[in-house]
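This report refers to the structure that appears directly beneath it.
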Amino acid sequence: MKTLLDADYVTRDNKAVIRLFYKTDGVRTIEEVTDFDPYFYAVPEGDIDDLIKDLKNVPHVVRTVKKKMIYIGKEIDVLQIVVQEPGNVPEIRGQVRELPHCGGVKEASIPFTERYIIDSGRIPMQDADFANLRIAAVDTEVYNPHGMPEADKNPIIMISYADSLGLKKVWSYRHTTVPDYVEVLKDEKEMIKKFVETIKAQEIDLIVSYNGDNFDFPYLKDRAAKYKFELELGIDGSTIKMERRGMNNGARVKGRPHVDLYPPCRQVFNISRYTLEDIYKELFGIDKKDIEVEHLASVWDGKDQVKLNELYEYSLSDAEATLRIAIALLPLQYELSRITGQPIYECSRSTSGQRVEDLLVKTAHEKNILVPNRPSDRIAEERTRNPYEGAYVVEPEKGIHDNIALFDFRSLYPSIIISHNIDQATVDCKCCPGKEEHHQSPTGHFFCKKQRGFLPDTLEILVKRRMEVKKEAKAESDPEKKKLLDVKQQALKILANSMYGYFGFARARWYSREGAEAIAAYGREYIHKTIEEAKHQGFKVVYGDTDSVYITKPSETDQKKLMEDAKAFAKTINSQLPEAMELEFQGFYPRGIFITKKRYAVMDEKGNLTVKGLETKRRDWSEIAKKTQTDVLNALLQDKDPQKAADIVKEAVKKIKTGNVPLSDLSINTQITRGMGEYVNEGPHVQAAKKAMKEHGYEYKQGTIMTYVITKKGTSISDKARIMEDVVEGDYDQEYYIDNQVIPAVARILESLGYSEDELKGKGKQKTLFDF
DNA sequence: TACCAGAGGAG
DNA sequence: AAATCCTCTGGTA
């Protein structure tokens with residue numbers, strides 16, 4: 001059993017040495033590779049031997065190797081240029097590019113360690129599982145008398161720790177009676193040192209945190225630096241290193257990878273907020289103990305032993321929750337790491353575009369394909385400025401419908417890519433000139449039928465592997481093994497579903513605008529044909545989006561016969577589709593209400609409500625508005641009772657007017673999507689953030705989700721917006737929550753049934769359904 | 001009132 | 001640093 005946890009290189013005697021950090025049969029080992037040299041490729045312009053002659057004057061070139069590789073579907077001559085040290089590559093690449101017989105350099109920006117992993121075929125995280133890796137979760141509590149703690153002034157007061165061996169600790173330094181899991185150290189310095197020592201003593205393989213990249217580790221590092229020591233957490237005794245990774249930070253621990261669970265949580269879960277408590281609730285359905293951080297300093301300074309003990313308990317619960325979340329999330333991260341070939345530290349922080357690209361770069365090597373360069377910023381910006389036509393959305397038949405059948409295409413875009421061989425290298429090929437000989441796309445471009453494209457091929461492998469794994473999972477009786485197979489299947493699905501987006505991704509090495517356009521155009525064609533056929537067979541198409549259709553047949557009152565007709569319709573469609581494509585029956589809904597494109601609700605036979613796009617599904621609407629909307633939808637679709645719906649709205653309005661609605665039902669979540677200085681228009685969430693910055697010194701990084709309330713005091717809505725923690729219960733703008741939250745959320749639904757907005761607001765003389 | 005920037009959802 | 005399509009809000013002129 002051998003698990004590759006991390007890799008790097010060091011330079012020794014002007015030579016790069018790759019270090020592979022393994023856990024081998026329960027023991028940590030470092031394997032060194034000294035015979036791997038850095039290299040890149042040059043594409044000759046003219047005779048390759050002239051290029052070799054040009055190279056005589058370039059220093060640090062160890063040797064050159066003539067090769068034949070595939071570039072955009074064609075075999076070309078390339079020269080592999082092997083150099084002394086990885087550090088030489090940027091300079092030599094620059095020189096080679098300028099040589100008279102050089103037509104360009106390739107694969108010069110693939111990091112050396114990554115290059116080695118790919119070329120050697122090593123697979124990171126192979127055989128990694130809960131049983132053979134030691135995982136430790138860490139969390140810190142920081143003294144914060146005035147809002148945001150500052151590392152040069154405010155000490156860390158507690159470090160909590162929980163590992164997979166069962167050790168649970170809170171380290172601190174207040175000399176009072178403490179619970180048994182708390183260990184009191186001399187001071188902050190000794191506390192931090194104790195944490196580092198424990199990681200080593202417990203022989204931890206993987207460190208996990210929640211937001212450790214941006215908070216705990218930079219803070220720990222700064223505090224340690226204040227005491228003139230370093231956080232030597234690396235398996236080789238090296239110190240933790242803060243890296244900038246694009247827009248984000250990464251806290252890197254050598255050989256003992258640190259996985260910050262925050263980025264994976266943002267990718268995996270679709271929830272309103274991403275605090276540790278929110279994730280814990282989402283995963284395990286349990287409310288985790290939480291404290292109000294603003295009281296932290298006073299508890300620490302105070303004499304209330306009970307409160308202090310509560311703080312210890314809370315601190316430990318954070319580390320325990322982090323460990324539990326890690327155990328739930330890591331298997332998928334391990335699998336993505338294995339498939340893409342990226343070590344877990346990198347892979348857990350990768351975006352989907354990066355992951356697809358990592359997989360492609362790795363696969364390209366196996367197929368002797370020369371990796372295209374990344375586009376320049378100028379080209380990437382140019383691509384972004386020119387979007388292409390995407391999916392088709394059917395204008396819904398607004399209002400309530402009965403007996404609705406839903407059909408959709410199984411993996412529409414992946415199956416189009418595979419079926420029509422869509423690729424950079426197959427577009428408008430020379431070898432398939434006749435109409436019958438190629439895949440004619442609706443954009444006018446066509447795709448080769450003779451030579452398989454690299455992306456369709458790679459995608460097909462993913463899809464086939466996924467089908468196999470799903471089959472294995474189905475046959476597996478051991479629940480543990482079944483779960484692992486399911487995770488494997490999920491990882492393959494994630495990558496397969498990202499492939500279409502990658503075609504149109506401006507910074508992609510294998511970017512293909514023609515490809516992306518053709519995929520979308522084929523998609524539109526398939527859905528249009530499906531709609532036409534449905535109509536032809538006497539159905540009404542109530543709604544459809546991209547790859548789905550909601551159809552009804554009002555003339556058919558017998559449900560059983562309706563289902564037979566619907567299935568016959570799907571059969572007709574499927575008989576005309578390429579093999580990899582399929583229109584599937586997805587569900588039957590006795591009732592549904594369609595408001596606008598991308599906003600509707602349907603109810604199944606068991607009374608389960610599915611809502612799409614409406615306020616209920618959005619984080620930037622208050623709970624009171626969302627709850628009222630859901631209740632109204634149930635009244636209409638389940639009870640078929642508009643009067644009940646009206647009463648629900650009246651009740652909500654009445655409740656708001658009492659002034660007793662708790663803030664938790666009034667808060668609105670909105671993400672800060674840019675730097676504070678970049679806003680042209682400052683909406684409520686930005687102004688709430690600015691007030692909090694002024695009053696507490698809080699920082700709001702890009703990506704933060706603000707939680708705010710519209711209070712009584714102020715002029716405009718933005719002026720009244722304040723972060724929730726600064727608002728006292730009862731201080732809310734009743735008019736705003738009635739007119740701008742509850743009423744609009746229900747009005748659009750009821751308007752679609754023919755009630756006017758004035759009617760809803762109780763205007764006019766006539767007494768209406770909504771007479772508030 | 002018309003327009004926009006901004007946000008977040010659907011698929 | 002995955003694509004586009006789409007609706008809706010709050011602020012401003």
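To find a chain, count down the sequence lines: A is the first, B the second, and so on, and within it residues start at 1. Bear in mind the structure is a predicted one, so any value in this text is a computation, not a measurement.
- The side chain of A:Pro744 sits closest to C:dT9 out of B:dA10, C:dT9, B:dG6.
- The shortest distance between the side-chain N/O atoms of A:Tyr736 and the OP1/OP2 oxygens of C:dG10 is below 4.0 Å.
- When the side-chain nitrogen and oxygen atoms of A:Lys598 are compared with OP1 and OP2 of C:dC6, none of them lie within a distance under 4.0 Å.
- Residue A:Tyr600 is in sugar-phosphate contact alone, with no base atom involved, counting any heavy-atom pair closer than 4.0 Å across all strands shown.
- Residue A:Asn681 places none of its side-chain N or O atoms closer than 4.0 Å to OP1 or OP2 of C:dT12.
- Rounded to whole angstrom, the span from the CE atom of A:Met706 across to the P atom of B:dG8 amounts to 12 Å.
- A straight line from OH of A:Tyr679 to P of C:dG11 spans 14 Å, rounded to a whole angstrom.
- A:Arg273 and A:Asp278 are joined by a salt bridge, as a carboxylate oxygen and a charged side-chain nitrogen come within less than 4.0 angstrom of each other.
- A:Gly613 comes within 4.0 angstrom of sugar-phosphate atoms only, judged by non-hydrogen atoms across all strands, and of no base.
- For A:Arg513, the side-chain contact (heavy atoms from CB on, under 4.5 Å) partners two or more places apart in sequence, or in a different chain, are A:Asn386, A:Tyr388, A:Tyr511, A:Glu517.
- Within the nucleic acid shown, A:Phe503 has no heavy atom closer than 4.0 Å to any nucleic acid atom.
- Nucleic acid contact for A:Asp408: none, since no nucleic acid atom lies under 4.0 Å from a heavy atom of the residue.
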Please report, to 0.1 Å, the donor-acceptor pairs under 3.5 Å made by any side chain of residues 371-378 of chain A, with sequence neighbours excluded.
from: A:Asn373; atom 1: ND2; to: A:Val105; atom 2: O; distance (Å): 2.8
from: A:Ser376; atom 1: OG; to: A:Ile379; atom 2: N; distance (Å): 3.2
from: A:Asp377; atom 1: OD1; to: A:Arg507; atom 2: NH2; distance (Å): 2.3

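- A:Gln687 has its CD atom 18 Å from the P atom of B:dA5, to the nearest Å.
- When the nearest nucleotides of DNA chain C are assigned to A:Ser718 and A:Glu395 by heavy-atom distance, the more 5′-ward of the two goes with A:Glu395.
- Taking 4.0 angstrom as the limit, A:Arg748 places a side-chain polar atom (N or O) nearer than this to OP1 or OP2 of C:dT9.
- The CD1-C1' distance, from A:Ile672 to B:dA5, rounds to 14 Å in whole Å.
- Comparing C:dA1, C:dC8, C:dT4 by their nearest atom to the side chain of A:Arg507 picks out C:dA1.
- For A:Asn669, the side chain to side chain donor-acceptor pair (under 3.5 Å) partners two or more places apart in sequence, or in a different chain, are A:Thr707.
- Protein atom CD of A:Glu615 is 14 Å distant from nucleotide atom C1' of B:dA10, rounded to whole Å.
- The CD1-P distance, from A:Ile271 to B:dG9, rounds to 12 Å in whole Å.
- Between the P atom of C:dG11 and the NE2 atom of A:His685 lies a distance of 11 Å, rounded to the nearest Å.
- Under the side-chain contact (heavy atoms from CB on, under 4.5 Å) criterion, A:Ser415 pairs with A:Ala580, A:Met581, sequence neighbours left out.
- Using cut-offs of 30° and 60° for the angle between ring planes, the A:Phe569 and A:Phe407 rings count as perpendicular.
- Among the nucleotides B:dA5, C:dT9, B:dG9, the one closest to any side-chain atom of A:Val680 is B:dA5.
- Backbone-only engagement by A:Ala391 is indicated by non-hydrogen atom pairs under 4.0 Å involving sugar-phosphate atoms exclusively.
- Side chains of A:Asn249 and A:Arg244: a donor on one and an acceptor on the other come within 3.5 Å.
- Using a 4.0 Å cut-off on heavy atoms, the residues of residues 338-356 of chain A that approach DNA chain C are A:Thr351, A:Ser352, A:Gly353, listed by number.
- Toward the 5′ end of DNA chain C lies the nearest nucleotide of A:Arg618, the other residue of the pair A:Asp719 and A:Arg618 mapping further downstream.
- For A:Glu682, the salt bridge (Lys or Arg N to Asp or Glu O under 4.0 Å) partners two or more places apart in sequence, or in a different chain, are A:Lys690.
- Across all strands shown, A:Trp621 has heavy atoms under 4.0 Å from sugar-phosphate atoms exclusively, and none from any base.
- Side chains of A:Glu243 and A:Tyr345: a donor-acceptor N/O pair is present below 3.5 angstrom, by distance only.
- Between A:Ile717 atom CD1 and B:dA5 atom C1' the separation is 16 Å, expressed in whole Å.
- Close to B:dG6, at under 4.0 Å from its OP1 or OP2, lies a side-chain N or O of A:Arg674.
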